[in-house]
Amino acid sequence: MNLRGRTLFVTGGSRGIGLAIALRAARDGANVIIAAKTSEPHRHLPGTIHSAAEAIEAAGGKALPLMVDIRDDAAVRAAVDAGAERFGGIDIVVNNASAIATSAVEQTELKRWDLMLDVNARGSFATAQAAVPYLRKSANPHVLTLSPPINLDPRWFARHVAYTISKYAMSMV
């Protein structure tokens, strides 16, 4: 499948897997909306929405960098609408943004639990939900969520139950 002319809305696309997906799509000539929190350089983590946009355009795509915290559903809706307006719709949502903590139950702070559920489950749902009106108009709509298949093997719950629950909720989106 060639993504030329298709529009992707990628959460967490300023670095890592999200950026890799965006760059691959850009090589086909896709439009990529980068929705991520990092607008200014982070002291420990490479990449911003702006450096991602530059890389996407250098790879042959068109980019729209938008600073978005996917925990804020109004900001997500505004970003989805802005991207659809700029590129004439949205064909693919890539739910990539994720919060990770693989600590045991006793060591998982509730603040971290809330963050994982807010980003992984709620944020992915809010993003997909906001994009549905545009996806329905696409000739070949997709929602790609970067999360594992649901596997009820007890080993996943024995070590890091909070993370597993949040990622499985993300999978269900």
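These figures come from a predicted structure and were not determined experimentally.
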Does the side chain to side chain donor-acceptor pair (under 3.5 Å) test come out yes or no for T11 and N96, once each step is laid out? CA-CA 5 Å; T11 67; N96 171 66; 5.6 Å; no

Side-chain donor or acceptor of [X] paired with backbone N/O of [Y] under 3.5 Å:
X: S166; Y: Y163; answer: yes
X: D28; Y: R4; answer: no
X: R15; Y: G47; answer: yes

Step through the shown structure and confirm whether more than 12 heavy atoms of other residues, nucleotides or ligands are within 6.0 Å of [atom1] on [X].
X: I17; atom1: CD1; answer: no
X: F125; atom1: CZ; answer: no
X: E109; atom1: CD; answer: no

Where [X] and [Y] come nearest, the two heavy atoms and their spacing:
X: A79; Y: L66; result: O-CD1, 3.6 Å
X: Y168; Y: P148; result: CE1-CG, 3.9 Å
X: A99; Y: V119; result: N-CG1, 3.8 Å
X: A131; Y: V93; result: CB-CG2, 3.4 Å
X: A22; Y: I34; result: CB-CD1, 4.0 Å
X: A121; Y: V173; result: O-CG2, 4.0 Å

Measuring only between side-chain heavy atoms, which start at C-beta, is [X] closer than 4.5 Å to [Y]?
X: I150; Y: M172; result: yes
X: I92; Y: T7; result: no
X: D72; Y: V76; result: no
X: N31; Y: L64; result: no
X: V32; Y: V10; result: yes
X: V80; Y: Y134; result: yes
X: L23; Y: I56; result: yes
X: L146; Y: V94; result: yes

Out of curiosity, [X] [atom1] to [Y] [atom2], how far, rounded to the nearest 0.5 Å?
X: I90; Y: R136; atom1: CD1; atom2: CZ; answer: 14.0 Å
X: T164; Y: M116; atom1: OG1; atom2: CE; answer: 9.0 Å
X: H142; Y: L3; atom1: NE2; atom2: CG; answer: 9.5 Å
X: R112; Y: Q107; atom1: CZ; atom2: CD; answer: 13.5 Å
X: D114; Y: R122; atom1: CG; atom2: CZ; answer: 11.5 Å
X: I100; Y: N120; atom1: CD1; atom2: CG; answer: 7.5 Å

Joint cluster assignment, V161 & W113, ILVMFWY side-chain distance < 4.5 Å: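 Result: yes, single cluster for both.
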
Is I70 reachable from I165 through a run of I, L, V, M, F, W or Y residues, each pair having side-chain heavy atoms under 4.5 Å apart?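 In one cluster: no.
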
Do you see a donor-acceptor pair shorter than 3.5 Å between the side chains of T48 and S14? no

I'd like to check the side chain to side chain contact (heavy atoms under 4.5 Å, CB included) partners of S147; sequence neighbours left out, ordered by chain and number. T145, K167, M170, S171

Start with the C-alpha gap between V143 and N95, add the side-chain angles, then the distance that decides, and say whether side chain to side chain contact (heavy atoms under 4.5 Å, CB included) holds. CA-CA 7 Å; V143 175; N95 279 319; 3.9 Å; yes

Check the pair R71, K37 against side chain to side chain contact (heavy atoms under 4.5 Å, CB included), reporting the backbone distance first and the verdict last. CA-CA 10 Å; R71 295 174 294 177; K37 291 190 323 179; 4.0 Å; yes

Salt bridge (Lys or Arg N to Asp or Glu O under 4.0 Å) pairs, two or more places apart, involving residues 79-105: R6-D91

